[in-house]
Each structure stands twice: as C-alpha cells, then as structure tokens.
Amino acid sequence: MASCAVDGGCASDYIAIAISAVCFILLLSRLILPFAIHKIPLPKRSSFWIPVIQIFASFNLLLSIVMSVNFLKFEKRHWWQSCYAWAVWIEAPLGFGLLLSCRISQAFQLYYIFVKRCLPPIRSYIFLPLILLPWIAGAALMHVKKPLNDRCHMGTQWIIPVVSLHAIYVAILVGFTGAIRHIEFRFDELRDLWQGILVSASSIGVWVAAYILNEIHDDISWLQVVSRFALLVTASILVLSFFSISSSQPLLSQISLRKREPLAFETMGQALGIPNSGLLLPREPAPVIDPNEPLDKLLMNKRFRQSFMSFADSCLAGESVHFYEEVHELGKIPVDDPVRRIYMARHIIDKYITAGATMEVNISHRSRQAILTTSNLAQPNLFNDALNELIQLMKMNLANDYWSSTYFMKFKEEASMRSHELQQMTSWNSPTPRLSSVHGVDDPFHQEQEP
C-alpha cells in the first residue's frame, strides 16, 4: 500500500481510471448521438462551441488529475510531464476553471434573455475569456512562486486561496441559476436544471474535500489512495452531470417552438385515424390571387406564401420570405406566454438579424440596432420595422418576376384544380330522396313510402 500510494498503480487507481473513461465516453455520446441518430441540425454560434469547449475542459480536468496525482506508475522525465504543466495550467485554467466558466456564461445568457428580457450586453466569445482571467492569473502566480513539491502537492498556505477561487465560481453559478428560478420552463426544465446544479455542487464539495486531504496529508498512505480515488471519481461524475444540465437551450431540447395544444378533431374519422378521402368533408375554397393586391396581404395566405418562398429560394433571395414566415409564426404565440416568445425571438435574431448570421436579411442599420438593443424581447412589434422594409424590398426585387414565373403558373393550376374538386364535392354531397324498404307497421321509424 505504501509503495503504490507514493508511486501510483494501486488497484483502486485503475478502477478510478476505468470509471473515469466510462463517464467520458458517456459524455461524448450525449454530445454526438442526438446529431447522429435523430439528425438534429448543428446549432450555431455559442450554442455549438460552448458545449464543445465543455467537453475539452472535462477531458483536461480528468486527464490532469490522472497525470498529476500519481495514478499511473511512471517517471517524470520530460517537461510536459511536470507538475506545473498538469496540476497548475491544465487542471486549473483549462480544466475546472474553463468548465465552470462555460456554465456561468450560459447562465449569464439565460439571465439576460429570460429575466432582463434583452440580449446580453457582452457576447459569449468575449464574456468567457474575461471570466477565465482570474484562473489564468492564479496559474501564472503559482508558476512563478513554485509552491509544488515533487509529488505535485502544495503547502497549506496555498490551499485556502485555491479552494476559495473554486468556491467563488460555484457560488456565481448558483447565483445566476437562482435568479431565473421564477421562470416557468416547460416540462419541469427548471427543476431538472436545479437537480443538475445540486448534483454538481455536491460533487464539487466531495471533490474539494478529497483535494484538500490529498494535498495536506501526503504522509498517510491509505488516505492518499482513498482521497485520489474520490478525487477522480467525483470529477468524472461532475463533468457528466454538468454536461447533462440543459441550460444552454432551455426550450429547444424539450418543446417545439409552436404551442402544443390538446388535439381537437373536426370529424369522427379524424378521431378514429381514418384517412380523409376528401369526398365528404368540406374544404376551404381555393384563394383567388389578384396581383394588384398588396404583397403583405397576399403573404397572409399560406399556400401563396409557400409558392412565393419557393420562387425566392430559386432566386437565392429566400431569406426575406423565410424571415416573414418565422415572424408570422411568432405572432401566433400568445402574449401571456413570454418564455416561448422570448426564445423564438432570440432564435430569429440569431438566424436573421445578427451580423454574419446564416440567413442575414438586408435591413437598415437603424432597424437592426433597434432589435439588437431592445429592452424587451417579448414585445409583439419587435420585428415590425424590419418586416416592413423587407416587404418593400420583395415588392421591388421579387414580386414582378414572380407573376411571370412558372411558380405562379403552377400555383394557379393547383388552385383551379382545388376549386374544381370543391365543386364536385358540393354536387356529390347534395341531399337526395331516401326510400324506405320497410312498410306499414314494420317500419320502426313510421316512415311513409315516397312516390
């Protein structure tokens, strides 16, 4: 026991490494499987790179613990095996510090979007390095002072500031999470968020206790073995539970952007799952499209909007119509459901408004800044000015060409066919005399034979 406690390679060390490897494989599967199996499109911007950075930080944290706390029996002959490379730089700024900073950055975004109801004043790619600076400064100070011994343990006077830095970041994360506690997330999302925070905080508590014991009591062999086992196992649980907290996208993973309402069936056939043949059910009349009508009025018709959108996409100018479509869907969300309105507004801003967005629309700087600096993402008229500008742009660049395109000809043909089918249904559904084959007193409904 004494030999492996100093040099590494105890049976418990290999068990801890195996548990750590399993947890990291599960961590990778939680990142990859939703995209590989369910074909979920890759998110953009911080929604993608922050989870990836979390995976990177988790790997650094686990590997640095293995390399710096004598889990494996090897001699440190090279500079990259030194204590200051693993126990100072990789474990602190690039491991635990980066992991906590990613979570704080996500909670910071949630706080401003759902509590302040406005976009965060600092973008994530700026906020994350800023909040990581104390860890970098602390690592640089330790590298200069050289407080570590040959077993990568530091003196008692360094334990208090190091543990205090860990505790401050945990407190910041819990504080931001507590600030959004009153938001009514769907499907108990907030409850799951708090459960993840509590599990993570408990893991951090055990991890810090094991860390302190391992650093201070390096003369007690059995305590060294037990403490480093607890150190790696709790770190493995920590990184897995941290990634499982779905706080980066509170609504995307659980609910649709559209409101889920109880199913209402218009006919018994629909309730029973009988396919609609279209013969006996009334259909809405085919719309009569007049090119002289205002474009904003024509776009209210869903069939026309889909046809016009297909034409715009063929001209590589469909982002304006797609923007209109999503703003139209946003208008269907009730005003008394601000969480979903805020989330979808943020989705539209990231997709169409932000400079460099995937489908950035061509609007004036004034309208763009009014949206990006809004004080309330849930206001109903947030995109009105931008929408009016884009409708005018579509009138000048797309509308005239659409009326002479094959897309409009196809739309007119389909509308004519629907109108013809509707006339046939009307004639087939007209009432006809029904004769009774039952006579006299045998007729249970006392019907009289019609001539």
Side-chain angles (χ1 to χ4, degrees), residues 5-8 13 16-17 20 24 50 52-105 125-173 203-204 207-219 224 227-228 230-232 234-236 238-239 242:
V6 175
D7 300 330
D13 295 338
I17 293 175
S20 177
F24 190 75
I50 283 187
V52 172
I53 291 177
Q54 287 184 34
I55 298 290
F56 173 73
S58 301
F59 178 77
N60 287 342
L61 177 61
L62 298 181
L63 183 60
S64 63
I65 293 175
V66 173
M67 296 295 292
S68 63
V69 193
N70 294 337
F71 275 87
L72 301 176
K73 192 172 184 178
F74 63 90
E75 295 182 7
K76 300 176 181 178
R77 297 178 178 179
H78 307 285
W79 66 267
W80 55 268
Q81 294 176 316
S82 69
C83 292
Y84 292 95
W86 291 102
V88 175
W89 287 103
I90 297 180
E91 183 178 342
L94 299 181
F96 189 89
L98 186 58
L99 184 64
L100 265 291
S101 298
C102 286
R103 272 301 168 190
I104 292 174
S105 178
Y125 60 85
I126 298 176
F127 181 80
L128 185 58
L130 285 178
I131 199 172
L132 193 60
L133 283 178
W135 291 94
I136 298 175
L141 179 63
M142 292 188 67
H143 199 97
V144 172
K145 295 295 184 179
K146 304 289 186 182
L148 301 181
N149 59 23
D150 57 345
R151 296 179 61 186
C152 299
H153 292 171
M154 66 184 70
T156 307
Q157 68 273 16
W158 286 90
I159 292 294
I160 295 178
V162 169
V163 172
S164 298
L165 185 61
H166 287 70
I168 289 172
Y169 274 65
V170 174
I172 293 173
L173 178 59
S203 300
I204 291 174
W207 186 84
V208 169
Y211 179 80
I212 294 174
L213 292 174
N214 187 266
E215 291 290 330
I216 296 178
H217 298 287
D218 58 351
D219 55 335
Q224 283 288 294
S227 62
R228 72 186 180 208
L231 193 65
L232 185 57
T234 53
S236 304
L238 169 66
V239 298
F242 247 38

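We're numbering straight along the sequence, starting at 1. The structure displayed is predicted, hence computed values, not measured ones.
Once rounded to the nearest 0.5 Å, the distance linking CG of L61 with CG of L94 reads 11.0 Å. Interatomic distance, C102 SG to I131 CD1, rounded to the nearest 0.5 Å: 10.0 Å. To the nearest 0.5 angstrom, L232 atom CG is 10.0 Å from L63 atom CG. A distance of 7.5 Å separates CD1 in I65 from OG in S20, rounded to the nearest 0.5 Å. For the atom pair OG (S82) and NE2 (H143), the distance works out to 7.0 Å, reported to the nearest 0.5 Å.
Summarising the geometry of F24 relative to I55, their closest heavy-atom pair is CE1-O, 3.9 Å, with the distance given to 0.1 Å. The two residues L213 and S227 make their nearest non-hydrogen contact at CB-CB, 4.3 Å. Closest approach of A230 and A210 over heavy atoms only: CB-CB, 4.0 Å. Residue L231 comes nearest to T234 through the heavy atom pair O-OG1, 3.3 Å, listed as atom of the first residue, atom of the second, then distance. Looking at every heavy atom in both residues, F71 comes nearest to R228 through CZ-O, 2.9 Å. Taking every heavy atom of both residues into account, N214 and Q224 meet most closely at O-NE2, 2.9 Å.
Side-chain atoms of H166 and Y211, non-hydrogen and from C-beta on, never get closer than 4.5 Å to each other. Counting heavy atoms from C-beta outward, L98 and F56 have side chains that approach closer than 4.5 Å. The side-chain heavy atoms of I126 and L130, taken from C-beta on, include a pair separated by under 4.5 Å. Put simply, the side chain of L100 does not reach to within 4.5 Å of the side chain of W135, judged on heavy atoms. Side-chain contact check for L62 versus S236: some heavy-atom pair is nearer than 4.5 Å. Contact check for L148 versus H153: no side-chain heavy atoms found under the 4.5 Å cut-off. Put simply, the side chain of L128 reaches to within 4.5 Å of the side chain of I53, judged on heavy atoms. At a threshold of 4.5 Å between non-hydrogen side-chain atoms, the residues F127 and I104 count as touching.
Within 6.0 Å of the OH atom in Y84, the count of heavy atoms belonging to other residues, nucleotides or ligands exceeds 12.
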**Report entry** C152 vs V69, side-chain contact (heavy atoms from CB on, under 4.5 Å): CA-CA, chis, key distance, verdict
**Finding:** CA-CA 7 Å; C152 299; V69 193; over 6 Å; no
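Side chain of S105 to backbone of S101: no donor-acceptor contact under 3.5 angstrom is found.
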